[in-house]
Amino acid sequence: MARHLITSALPYINGIKHLGNMVGSMLPADVYSRYLRQRGHDVLYICATDEHGTPAELAAKERGLPVAEFCAQAHDAQKAVYDGFALAFDYFGRSSSAENREITQHFARKLNENGFIEERAIRQVYSPVDGRFLPDRYVEGTCPHCGYDKARGDQCENCTRVLDPTDLIEPRSAISGSTDLEIRETKHLFLLQSKLQHEVEAWVARHEADWPQLASSIARKWLTEGLHDRAITRDLDWGVPVPADTWPELAAEGKVFYVWFDAPIEYIGATKEWSDQDPENRDWKSWWYEADDTVRYTEFMAKDNVPFHTVMFPATELGVREPWKKVDYVKAFNWLTYYGGKFSTSQKRGVFTDQALEILPADYWRYFLIANAPESDDSSFTWEHFTATVNKDLADTLGNFVNRVLSFSRKRFGDDVPAGGEPGEAETRLGEEIATLLAEYETHMEALQFRKAAAALRALWSAGNSYLEEKAPWLEIKTDKDAAALTLRTAMNLIHLYAVVSEPLIPTSAKVMRAAFALADDTAAWVTADEARALVSVPAGTPFTVPPVLFAKLTDEDLATYKERFGGDEG
């Protein structure tokens, strides 16, 4: 089987992420990783907190903590939430790690040796009130492109345009709010992306036809506009230091590499962190170095991160002139909105992941978000839509099927799977339908079409309900007990099948469904087409239990409570 390297966009350290962050990177990456593992592939899913840059310093200042202490606490807090969402990272690292520092400095030295880094004197914003140069995110103001009045000096959160602090209208210090700003000269390192333009274009041309249109169109737009040389250092106290053996003057001034330069390298750094925990059994380089023929690398991210991963980081890797693995497939997502307005970490708008887990278990959120993933266009979160989806798909279609089959069978046949007669025409038709729907589900998962995959999974669940309604064991048992037993045994086998194939989306509920049957050796990783047709994985005589209700229906009172707490008329 193939080796699959999977990464999702690194979440910033400056606070718990919202549902839009979850569905735009980490959750679909987890679903895909789980699916591939179940299909027998060798999978390494890597992520990390992005801990450098001004967001970390500003958040630490707000909390009154040293930045290193703040980042350590925030990393643990974020990891706890992701554990709550059952994200099965192979490793969740930190961009402030020694491994990332080592590899980032190595990349910088190699780029310099190859003529792709240049030291330049630039004019930069300086705040006399704060007594320091202000890096990009320490400057806020009005975006010259869309008029958004809280744009940062590196990127406008509203229109996603990349900015320079000097572009902003009415700029102010993010530290003190002072508008008494000056422009002074200072020296920084620049990555000469312009010299790598043609190489990046050729690399993108070899891959863009396979990428989703969203990813390829963003990459092509950046290349059409032309790659510009960009500063890769900043005047900050926190970050990967410029190595003194290569740039002694800048190192003495305390320059650090800018977050956009070192954060993508952390994918490699986090893999080394993972490897360093068990070096005798883990080889980080086999995933990243000279791995083009042995590893398929898939990245997951929202559209604002696409330029960094399809153009800028590939330029870095190409310029190093070493055989580092570059991404094969970029799965890009549009925005998940909150009643038509943007989720926003900085402005605390929308439902945040820790709040979501306070309200309902993770599987409710996992299923809803994947079933409504913003793939082809932005999608909107509303409490009305969320409640309707939970009730219709999870509570009524899947949960009710499991509960009524097991409860009715226990009531009429005891605590073992009943035997009944031989399968008939209805069971044959069901088996063919299940095999067909399973193939559709697999096709969509392989293609990373998550909304379609969720719809195919929902169709699998619905097929069981249709079969149950057709056979009506509550009526069969009045005239033909064996026929009713056959129907229930078939339905129980469907429950086991659902447990196996639903695991990528709803892992906790899948585990509960699977544990309902006391199978002596239940090692099934997936379900083949023949097994789907036969539906005999849970034989007659297998002891079973009736689990608690898998999904509680949400009431009008629940809906009113959610809307009162979070708002629900506009974003």
Side-chain angles (χ1 to χ4, degrees), residues 4-33 44-53 55-56 71 74-75 78-79 81-82 85 87-97 100 137 152 154-155 157 160 162 211-212 214-216 218-219 222 258-271 273 297-314 316-317 325-336 342-346 350 352-353 369-370 373-375 378 448 450:
H4 286 267
L5 174 64
I6 296 172
T7 64
S8 52
L10 307 185
Y12 270 132
I13 196 68
N14 63 329
I16 299 299
K17 304 299 111 177
H18 54 67
L19 294 182
N21 297 127
M22 179 63 69
V23 73
S25 58
M26 290 174 283
L27 178 56
D30 177 74
V31 170
Y32 187 55
S33 298
L44 185 64
Y45 176 21
I46 294 292
C47 193
T49 39
D50 182 1
E51 300 188 7
H52 292 143
C71 287
H75 170 86
Q78 286 201 26
K79 181 60 165 59
V81 172
Y82 304 145
F85 267 85
L87 301 184
F89 303 115
D90 288 286
Y91 190 76
F92 186 71
R94 302 180 61 186
S95 69
S96 61
S97 69
N100 192 43
R137 290 200 176 199
R152 302 186 303 251
D154 62 340
Q155 188 174 29
E157 185 185 49
T160 76
V162 173
W211 295 347
L214 179 62
S216 59
I218 291 174
W222 274 62
Y258 184 34
V259 63
W260 79 259
F261 181 73
D262 83 86
I265 297 172
E266 167 60 7
Y267 294 130
I268 306 173
T271 308
E273 294 172 53
Y297 177 19
T298 306
E299 288 182 339
F300 291 79
M301 69 199 66
K303 57 187 176 184
D304 57 332
N305 276 313
V306 169
F308 297 99
H309 294 79
T310 61
V311 175
M312 297 164 73
F313 186 46
T316 296
E317 290 185 291
K325 178 67 182 176
K326 288 172 279 295
V327 66
D328 294 300
Y329 191 85
V330 178
K331 177 62 177 178
F333 291 86
N334 287 284
W335 301 126
L336 176 70
K342 285 190 65 177
F343 280 84
S344 172
T345 299
S346 61
F352 288 76
T353 48
L369 292 172
I370 291 299
E375 292 175 296
D378 291 351
L448 287 83
F450 292 100

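- Here the two rings, on Tyr297 and His4, have centers that are 6.0 Å apart or farther.
- With hydrogens and angles ignored, the 3.5 Å screen pairs a side-chain donor or acceptor of Asp378 with a backbone N or O of Trp335.
- At least one side-chain heavy atom of Leu44 sits less than 4.5 Å from a side-chain heavy atom of Thr271.
- Under the 3.5 Å distance criterion, the side-chain polar atoms of Gln78 are matched with a main-chain donor or acceptor of Gly15.
- Atoms CG and OH, on Asn100 and Tyr267 in that order, are 11.5 Å from each other to the nearest 0.5 Å.
- To the nearest 0.5 Å, atom CD of residue Glu317 and atom CD1 of residue Ile268 are 5.5 Å apart.
- The backbone N or O of Lys17 sits less than 3.5 Å from a side-chain atom of Thr353, completing a donor-acceptor pair.
- You'll find the side chain of Met22 reaches within 4.5 Å of the side chain of Leu369, heavy atoms only.
- Of all heavy-atom pairs spanning Asp304 and Gln155, the tightest one is O-NE2, 4.0 Å.
- In summary, the aromatic rings of Phe89 and Tyr45 are positioned with their centroids under 6.0 Å apart.
- Atom CE of Met301 is separated from atom OG of Ser8 by 9.0 Å, given to the nearest 0.5 angstrom.
- Asn334 contributes a side-chain N or O that, together with a main-chain N or O of Glu375, makes up a donor-acceptor pair within less than 3.5 Å.
- Formation of a donor-acceptor pair under 3.5 Å by the Asp30 side chain with backbone atoms of Ala88 is found in this model.
- By the 4.5 Å heavy-atom criterion applied to side chains, Thr316 and Pro264 are not counted as neighbours.
- For the residue pair Tyr12 and Asn21, no side-chain donor N or O sits within less than 3.5 Å of a side-chain acceptor on the partner.
- Here the OH-CG distance, from Tyr329 to Leu448, works out to 5.5 Å after rounding to the nearest 0.5 Å.
- When all heavy atoms of Thr310 and Ala219 are compared, the pair lying nearest together is OG1-CB, 3.4 Å.
- A donor-acceptor contact closer than 3.5 angstrom links the side chains of Glu273 and Tyr91.
- Taking the six-membered ring for Trp, His309 and Phe300 have ring centres at least 6.0 Å apart.
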How far apart are the C-alpha atoms of Ile16 and Val81, what are their side-chain angles, what is the distance that settles it, and do they pass the side chain to side chain contact (heavy atoms under 4.5 Å, CB included) test?
CA-CA 8 Å; Ile16 299 299; Val81 172; 4.0 Å; yes
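- Between Val327 and Thr298, the closest side-chain pair of non-hydrogen atoms is not below 4.5 Å.
- Using modelled atom types, one finds a donor on one side chain and an acceptor on the other under 3.5 Å when comparing Ser96 with Glu51.
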Candidate pair Val259 and Asp154, rule side chain to side chain contact (heavy atoms under 4.5 Å, CB included), full reasoning:
CA-CA 11 Å; Val259 63; Asp154 62 340; 6.0 Å; no
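- Atom CD1 of Ile46 sits about 10.5 Å away from atom CD1 of Ile6, to the nearest 0.5 Å.
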Chi angles and distances behind the side chain to side chain contact (heavy atoms under 4.5 Å, CB included) call for Ile370, Leu27
CA-CA 8 Å; Ile370 291 299; Leu27 178 56; 3.9 Å; yes
Step by step, would you call His52 with Tyr258 a side chain to side chain contact (heavy atoms under 4.5 Å, CB included)?
CA-CA 8 Å; His52 292 143; Tyr258 184 34; over 6 Å; no
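- In this structure the side chain of Thr7 never reaches within 4.5 angstrom of the side chain of Cys47, judged on heavy atoms.
- In this structure, Ile13 and Ala56 approach most closely via the heavy-atom pair CG2-CB, 3.6 Å.
- With a 4.5 Å cut-off on side-chain heavy atoms, Phe450 and Val23 do not count as touching.
- Of the possible donor and acceptor atoms, none in the side chain of Asp50 sits under 3.5 Å from a partner among the backbone N and O of Pro11.
- Atom CD in Glu266 sits 4.5 Å away from atom OG in Ser97 (nearest 0.5 Å).
- Cation-pi geometry between Lys331 and Phe333 is met: under 6.0 angstrom from the ring centre, within 45 degrees of the axis.
- Classification of the Trp222-Phe308 ring pair by plane angle, with boundaries at 30° and 60°, yields tilted.
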